[in-house]
Amino acid sequence: MGVKDLDLAVAWYQEKLGLHLTPLKSEDFEGFLAFAKNDETGLALVVIPPGQTKATVEGHPILFTKRIEAAYEEIASKGISVQPIQSDSGGNRFFRFRDLEGNEIEVCVEP
């Protein structure tokens, strides 16, 4: 996911989502940082180069949980505006929210 201010993004993800910073060591991923919570959730951030409006990464990340209602309540309790829990045509339940830079993130539980 692309961010303009890596330091602010790191602080936001740590404070709001309780994710822990883990350096991603690869020659192919210079500038990327990975986050993990209980070694179950991963998310990578990349700095958007100056003059570019978005990262080259397309789409939005999907985080999976076994307890969608608990995840919803926890995220909402941090002052993050979350969309209502929905179901898609395949029976997947999910909700979405945005980070401090407006990046969309989906939280999903599959039946």
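The residues of the chain are indexed from 1 along the displayed sequence. Worth saying up front: this structure is predicted, and the values here are computed from it rather than measured.
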Could you tell me the separation between the CZ atom of Phe94 and the CG atom of Leu63, rounded to the nearest 0.5 Å? 14.0 Å
So which pairs with a foot in residues 77-87 pass side chain to side chain donor-acceptor pair (under 3.5 Å), sequence neighbours left out? none
Test side-chain hydrogen bond (donor to acceptor under 3.5 Å, both in side chains) applied to Asn103 - qualifying residues, sequence neighbours left out: Asp99
Report the C-alpha distance between Phe97 and Leu17 in whole Å, list the side-chain angles of each, state the deciding distance to 0.1 Å, and finish with yes or no for side chain to side chain contact (heavy atoms under 4.5 Å, CB included). CA-CA 12 Å; Phe97 65 94; Leu17 301 183; 4.1 Å; yes
Across all chains, not counting sequence neighbours, the side-chain hydrogen bond (donor to acceptor under 3.5 Å, both in side chains) partners of Arg96 are Glu106
Identify, with sequence neighbours excluded, every residue that meets side-chain hydrogen bond (donor to acceptor under 3.5 Å, both in side chains) alongside Asp88. Asn92
Atom of Ala9, atom of Leu100 and distance for their closest heavy-atom approach: CA-CD2, 3.9 Å
So CD1 of Ile80 and CZ of Arg98: to nearest 0.5 Å the spacing works out to 13.0 Å
Across all chains, not counting sequence neighbours, the salt bridge (Lys or Arg N to Asp or Glu O under 4.0 Å) partners of Glu101 are none
With a 4.5 Å cut-off on side-chain heavy atoms, are Asp7 and Val10 touching? no
Let me check something: any side-chain donor-acceptor pairs from residues 65-72 under 3.5 Å, sequence neighbours excluded? List them with distances.
unit_1: Thr65; atom_1: OG1; unit_2: Arg67; atom_2: N; d: 3.1
unit_1: Glu69; atom_1: OE2; unit_2: Arg93; atom_2: NH1; d: 2.9
unit_1: Glu69; atom_1: OE2; unit_2: Arg93; atom_2: NH2; d: 2.8

Shortest non-hydrogen separation from Met1 to Tyr13 and the atoms involved: CE-OH, 3.0 Å
